[in-house]
J.: 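One structure, as structure tokens, below. Some questions next.
Throughout, residue positions are numbered sequentially from 1 according to the sequence presented. Any value given below was found using the heavy atoms of this structure, including those in side chains, with hydrogens, waters and symmetry copies removed. Ligands are counted one by one from 1 in listed order, and the atoms in each one are counted from 1 as well.
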Amino acid sequence: MINNFKEYQKKKKLFIEYNKSYYDLNSPDIDDATFDQFKKDLIEFENTHNIKDKITNIVGFTPSEKFSKIKHQEKMLSLDNAFNEEDILDFYKKINNYLNNNNEFREELYAEPKIDGISASLSYIDGKLARGLSRGDGEFGEDITENLETVDEIPKKLKKKINGELIVRGEVYIQKSDFKKISAKFANPRNAASGSLRQKDSINTAKIPLKFFAYGTIFKCHHYSSSQSDFLKFLKELGFKVNLLGKIVKNEKEIFNNYKQLEEQRSKLDYDIDGIVYKINNFQLQKRLGNLSHAPRWAIAHKFSAEKGISKIKNIEIQVGRTGALTPVAKIEPINIGGVLVSNATLHNEDEIIRKDIRINDTVVVQRAGDVIPQVVEVDLTKRKSDSKKFIFPKKCPCGFDTIKDYNETTKKFDAVRRCPDRGFECNLMTKEKIKHYVSKNAMNIEGLGKKVVENFWELNLVKLPTDIYKLNFNKISQLDGWGKLSAKNLENSINETKKISLDRFIFALGIRHIGQENAKILAKYFKSINNFKKLAESRDQIFNSLLDLDGMGETQISSLKNFFSNKINKKIFLELTKYLNIENVLENSKGKFFNQTFMFTGAMEKMSRSEAKQIIENEGGKVLGSPSKKLNFLVSGDSKPTQKKLNKAKELGVKILSEKEWYQLINF
Ligand code: IVH
């Protein structure tokens, strides 16, 4: 039992030391029982007091600078999530559109459990395990070969002779029964697997019984099989464990029956699964569908329904997001939902609070689905007491500005979300979130400068703008609580390392509303260099209007860019950032067979969609134009309803016209 804050801090410090020696070194300097008691006392104190940096967040944590970073040959992507049957049908529709199939179930899917563990990518050279990488930021993984070698189910030598390189991807996990034995040290099995895999010393990894399910490969290695189901058979023959609950599903009925069956089986399995992954079974089609920047087009995860718990709302606070959205968050009495301690749950927006009549002191149902933010689903009105308090949603942002609700021209309705108007970096709270976004994984990816550190530096007035990151005094940091020379040096290194950055990451990092990763890529490809991109800061209409021709950019995005660059503070910070950074030019794909060639389409084709045709051209270094001009090299005329006007114009300009058949020949389709 801990009696006061001072005692708490003292014990926490000791705990951190113990924790380190327990996980980093081979010989723990306290016995298990004492360690567990320590932890229990700390958690109890944290749950009954308002503590920000909880110990549960550091358990098993070891800094990752110790692993060298290696680029994945093909990105390790995440999966888009489906939460209901409609989302799955939508996924199918999109696939059918892309492949130009009729809207019916045509392509078979391979459905397999989504294992709740940590993904790893293994490289076998001439049949021997040569290297194992963690996912990292998807582009670069950490070299954790030694640790992966301790996992029995990862073959060190394949059972069959395979010449050259084979990449096998899969999930490292811990069995529920094994987790029970070590549950005092980790919040859930997934954390246990992750903490264990990233140990400095592989001896410590070997102490925890990790398992491995192989589930896939990269496009480059597709030639070993023709489908996902065959590839899994092949992996089995090579000595891998593959999950036996996977199966081919061919239509709606089979998909949803299989989902129900697996969801029922879920609790009986000795490993955690949090949904089903559907993959287009045919490898050729997977390749045709290809990937978006964050997830493949050929796969989706159907999450199992969320786990629920009952708690009480202690208070409601307003959080301000990066784009100014005011989100009400319920501070609830901490409850464990499916192995995760939940003490905050979102209430979404003002309208939701009114609709569900949610009040402070109410007893509520809270649900948590995988990595999605926990949410308050409903109020248990039978438990409402006289001390329940209505929450008056503030009309002002906590920063003091009046808030606004956007009017949506399409729906002719006002947004449910109240926003602090974006005035550059004037709203403190938004700025803090913008900084968190700037340093995040998919943006600048500054390791060691996570959300918590940003919060901490913010409170200490060290980082108040993104540009402050480049003015940090590392000597001063090394003397801060919880920091030392080594950690300060590591932070300095990671900031310096990320100064060399691709244009699309930088654009995304700016956090401009409506400019996500995909749009940042489109813009980077178009502008090619930071100097060209800087022209937006001149705020000339002509430049903004030229963006309308870009596929994927619409009025919303363009007006958001205009807004951003019409603000003086934004402009100043943007220009200052470019001075600290070495932003790489976008290299043209000069190897592709359509390098320097431009295409346009008219009419529909039978065998492929416009989107696929466009992707093929861009993969080969070519460009697709929106209207005929002197710059145009080819006009592809689809057999179905080509526009005569476009054909005539092309003829006039001397553009080469390709029939649908000639187009297929050109791309060997
Ligand atoms: S396939 C392109 N199959 O889910 C992505 N992933 O949210 C291909 N996962 O990082 C992944 N079980 O760690 C695939 N049977 C399975 C999986 C699986 C678990 C994880 C994987 C990935 C995450 C994506």
J.: Is it true that Glu237 and Lys159 make a salt bridge, defined as a side-chain N closer than 4.0 Å to a carboxylate O?
T.: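 Judged by the 4.0 Å cut-off on N to carboxylate O distance, Glu237 and Lys159 do not form a salt bridge.
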
J.: Relative to the heavy atoms of Pro113, which atoms of ligand 1 are at a distance of less than 4.0 Å?
T.: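 Checking each atom against Pro113, I get 12 (N), 15 (N).
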
J.: Go through ligand 1 atom by atom and flag the ones less than 4.0 Å from a non-hydrogen atom of Glu112.
T.: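 Heavy-atom distances to Glu112 below 4.0 Å select 3 (N), 15 (N), 16 (C).
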
J.: Give a yes/no verdict on whether any heavy atom in Arg169 is under 4.0 Å from an atom of ligand 1.
T.: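 Not so, Arg169 does not reach ligand 1.
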
J.: Go through ligand 1 atom by atom and flag the ones less than 4.0 Å from a non-hydrogen atom of Leu77.
T.: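 Result: 2 (C), 5 (C).
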
J.: Among all protein heavy atoms in this structure, tell me which lies nearest to atom 4 (O) of ligand 1, with the distance rounded to 0.1 Å.
T.: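 Result: Lys114 CE, 3.3 Å.
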
J.: Look only at interatomic distance and state if Trp298 has a nitrogen or oxygen under 3.5 Å from any nitrogen or oxygen of ligand 1.
T.: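 In fact, backbone or side chain, Trp298 has no N or O that close.
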
J.: Short N/O distance, under 3.5 Å, between Lys279 and ligand 1?
T.: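 Yes, there is a polar N/O contact under 3.5 Å.
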
J.: Does the salt bridge (Lys or Arg N to Asp or Glu O under 4.0 Å) test come out yes or no for Glu455 and Lys452, once each step is laid out?
T.: CA-CA 5 Å; Glu455 287 276 350; Lys452 286 215 174 108; over 6 Å; no

J.: Nearest to atom 14 (C) of ligand 1, what protein heavy atom do you find, and at what distance?
T.: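 Checked against all protein heavy atoms, atom 14 (C) of ligand 1 sits closest to Tyr215 CE1, 3.4 Å.
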
J.: Looking only at protein heavy atoms, which one is nearest to atom 12 (N) of ligand 1, and what is the separation?
T.: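 Sorting protein heavy atoms by distance from atom 12 (N) of ligand 1 puts Ile115 N, 3.0 Å first.
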
J.: Verify the ring-centre separation between Phe240 and Tyr124: is it less than 6.0 angstrom?
T.: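 Between Tyr124 and Phe240, the centre distance is under 6.0 Å.
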
J.: May I ask you to identify, for Leu79, whether its side chain, its backbone, both or neither come under 4.0 Å of ligand 1 on a heavy-atom basis?
T.: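 Near ligand 1, Leu79 shows its backbone as well as its side chain.
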
J.: Could you list the donor-acceptor pairs under 3.5 angstrom formed by side chains in residues 244-253, with sequence neighbours left out?
T.:
unit_1, atom_1, unit_2, atom_2, d
Asn251, OD1, Lys253, N, 3.2
Asn251, OD1, Glu254, N, 2.9

J.: May I ask you to check whether Phe508 and His437 place their ring centres under 6.0 Å from each other?
T.: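 That pair passes the under 6.0 Å test.
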
J.: Can you name the one residue among Glu497, Glu447, Glu139 that meets salt bridge (charged side-chain N to carboxylate O under 4.0 Å, His left out) with Lys69?
T.: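 Between Lys69 and the candidates, salt bridge (charged side-chain N to carboxylate O under 4.0 Å, His left out) is satisfied uniquely by Glu447.
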
J.: Near Pro296, which atoms of ligand 1 are under 4.0 Å from a heavy atom of that residue?
T.: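 With Pro296 as reference, the close atoms of ligand 1 come out as 2 (C).
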
J.: Before we go on, tell me: are the rings of Tyr259 and Phe304 under 6.0 Å apart, centre to centre?
T.: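 Judged by ring-centre distance (under 6.0 Å), Tyr259 and Phe304 do meet the cut-off.
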
